[in-house]
Amino acid sequence: MSSAVDGANPVRRGIGRALVADRMGLAGLVLVVAFLMMALLAPWIAPYDPIALDVKARFQPPSAQHWAGTDHLGRDLLSRIIWGARLALGIAMTSIGIAGAIGLILGLIAGHGPRWLDGILVLIFDSMSSLPMIFFALAVITVLGPGTATLIFVIVLVSFPAYARLIRTQTLALTQADYILAERAMGAGSARIILIHLLPNVIGPLVILICMDIPVVIMLEAGLSYLNLGVKPPSPSWGNILSEGYNALRQAPHVVLVAGVPLVLATLGFTFLGEGLRDVLDPRGAGRRWG
Amino acid sequence: MLAYAIRRLGLSVLILIVVMTAMYGMVFLVPGDPASLALGPRATPELKEALRERMGLDQPILTQILYFFGNVLQGDLGVDVWSRRPVLDQILEVFPNTLILGIVALGWALIMGVLLGCAAVVWRDSWADRLLGVLSVSMISVPSFVVALYALIVFAVWLNWLPAIGAGEKGDIGSQIRALILPAFAVGIGWVGYLARLIRASLLEVMEAPHIRTARAFGMTERDIIFGHALRVAIVPTISVLAIGFGSILSSAVFVESVFSRPGIGTLITGAVEKRNYPVVMGCVLFMTAFYLFIVTAADLLIARLDPRVRDVLRG
């Protein structure tokens, strides 16, 4: 159960090399790095202002001037897609980071704290992760009103129970380990046990799970923005571009066709990288493509 | 078995109560009051006062919640803020569309997933197996609403083979089926990949079992072993996955339904969110929660019936 934890150190040195040797992992790595560069360098590599209107040049198909064409307001699609990468990755990393921190804290409390508290927390985690959470997300959006802050809140709400459950399971397994019992016998307090012993050991699996969740979150952000319930226009979210393109589907199908590409490549890239990482980090799965 | 069933059902009811309380309480968390939220920005003070009284907001909060629970138990989910129609009527009107979409999507995903999973085991460790592996991962990770948009452009706009919007004419089965093809394709494709992976992993484990080795010793071909003996064992773990999968299928249905403007729970709730029509949103959430809990509980009870070991887990 905890082989990923125990095996982490000897394997860690070879992660980079093993990942490069794995063709799918390598493809994922290349895509992820490309999107990260796009997000970081957006202001310098985007050829146009992503929200500058040029109504005379509306609905232009891809050309030498506008590599990906223009949308219904004449905005350059390539620039919007590049800035969209910054938005998608920014939102995904912020929300997943917060969700990971909350999951870590609640999971440690549930796994290490008093039993009655564990019971309540597990009931909450189980209720939340065994339900179609998108419907709850929509209810929260109704109450708070759509927008970037709501979107991040909703993603945190949907994601943290899975992290908390994982951390709780890991913590419970470790709390029974001999070295923790020994530490406790020597009079160590809960704070010391949690910070020095539990935390470093449970964080590895959490990082893998978080990596695998990034494509899901990118998808959720784009999907909600597509429904006009996420990032507000004119921000260049990939979902907004798709939704604006949908309204002109017959007139200018290139908008949707072009705006779907980064979404597909980003989700594929992060998934491939996640799969590659798991294969490399989990020795039992090494060399097996399917896991 | 009875004790297990009671505990399992009790847990589901408890979750439902938690969800109902959370949904009802959420309205009180925002600045302003539920009446103005429910009525939206255009409400006059008199309208708000009338609604506040009708919603029982002048009562203590515990009374309100009990009142709300009583209403829900009688099948009263409130009324639409704008049209004043009962929420439950609206839900029941469109729910069959979503249900059919979910079943057809999961159905084709199951058939394709089993076939691809078996194919991967027959050709295991060959290039075909590896290709199917990459294909499955790709199908899992590509967002369903992007698949829906691309399918819409290719098959509805360019080729004009299938309708781009709606759920078909009432009473015309042919047009309903034609309207179902693209949405079901988009909703199900992720699950083709997921089930293929699952079946493959599960089959590989079963293929190590002694009775399979015996069958092999008798000279049966791999194909006959898989379809004759191994698959029926390997498919059992998928039952619980399918039940949980139905939840995620319904989630992607929310997005895919709006791409195809297909009447259903997804278009109902997203439309209501845009108009901040909280009674409809809350009704949809409660209805889907109850439906989903029913499916998952039924699957758990079915599995417990098939596998006595599961029953002991909750007991301890």
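Protein chains get the first letters and strands the later ones, always in sequence-line order, with residue 1 at the start of each. Nothing here was measured: the structure is a model prediction, and the numbers come from that model. Below, all heavy atoms of this structure are taken into account, side chains as well, without hydrogens, waters or symmetry copies.
- Between chain A and the options B:Val147, B:Asp125, B:Leu16, B:Val281, heavy-atom pairs under 4.5 Å are most frequent for B:Val281.
- Residues A:Thr169 and A:Arg165 have side chains that never bring a donor and an acceptor to within less than 3.5 angstrom of each other.
- Heavy-atom distances place both the backbone and the side chain of A:Ala222 under 4.5 Å from chain B.
- The side-chain heavy atoms of B:Ser202 and B:Thr238, taken from C-beta on, include no pair separated by under 4.5 Å.
- The part of B:Val146 that comes within reach of chain A is its side chain, from C-beta onward, which places non-hydrogen atoms under 4.5 angstrom from that chain.
- For A:Leu257, the parts lying near chain B are the backbone and the side chain together; criterion is any non-hydrogen pair under 4.5 Å.
- Note: B:Phe145 and B:Phe255 have tilted aromatic rings, judged against thresholds of 30 and 60 degrees for the angle between ring planes.
- Pairing each heavy atom of A:Ala259 with each of A:Leu242, the nearest pair is CB-CD2, 3.9 Å.
- Using a 4.5 Å cut-off between heavy atoms, A:Phe270 makes no contact with chain B at all.
- Between B:Phe287 and B:Phe291, the ring-plane angle classifies as parallel under the 30° and 60° cut-offs.
- Neither the backbone nor the side chain of B:Leu204 comes within less than 4.5 Å of any heavy atom in chain A.
- Under the salt bridge (Lys or Arg N to Asp or Glu O under 4.0 Å) criterion, A:Arg168 pairs with A:Asp118, sequence neighbours left out.
- With a 4.5 angstrom heavy-atom cutoff, A:Val140 touches chain B via backbone and side-chain atoms both.
- Proximity to chain A (any heavy atom under 4.5 Å) is shown, for B:Val259, by both the backbone and the side chain.
- Side chains of B:Ser258 and B:Thr270: no donor on one and acceptor on the other come within 3.5 Å.
- Remark: B:Glu205 engages no residue in a side-chain contact (heavy atoms from CB on, under 4.5 Å) (not counting sequence neighbours).
- Counting heavy-atom pairs under 4.5 Å between each of A:Ile124, A:Val264, A:Leu229, A:Ile141 and chain B puts A:Leu229 at the top.
- At a 4.5 Å heavy-atom cutoff, the contact between B:Leu14 and chain A is made by side-chain atoms alone.
- Within residues 231-241 of chain A, no residue approaches chain B closer than 4.5 Å by heavy atoms.
- Heavy-atom distances place no part of A:Pro215 under 4.5 Å from chain B, backbone and side chain included.
- Heavy-atom pairs under 4.5 Å with chain B were tallied for A:Leu220, A:Leu224, A:Leu268; the largest tally goes to A:Leu268.
- At least one donor-acceptor pair closer than 3.5 Å links the side chain of B:Glu257 to the backbone N or O of B:Thr267.
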With a 3.5 Å cut-off and sequence neighbours excluded, list the donor-acceptor pairs that the side chains of residues 146-161 of chain A form with protein atoms.
residue  : atom : partner  : partner atom : Å
A:Thr150 : OG1  : A:Gly145 : O            : 2.7
A:Ser159 : OG   : A:Ile155 : O            : 2.4

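- Smallest separation of non-hydrogen atoms from B:Arg197 and B:Ser136: CG-CB, 4.2 Å.
- Considering only heavy-atom pairs separated by less than 4.5 Å from chain A, the leading option among B:Ala22, B:Ser144, B:Ser251 is B:Ser251.
- Taking a 6.0 Å sphere around OH of B:Tyr194, one finds it holds 12 or fewer heavy atoms contributed by other residues, nucleotides or ligands.
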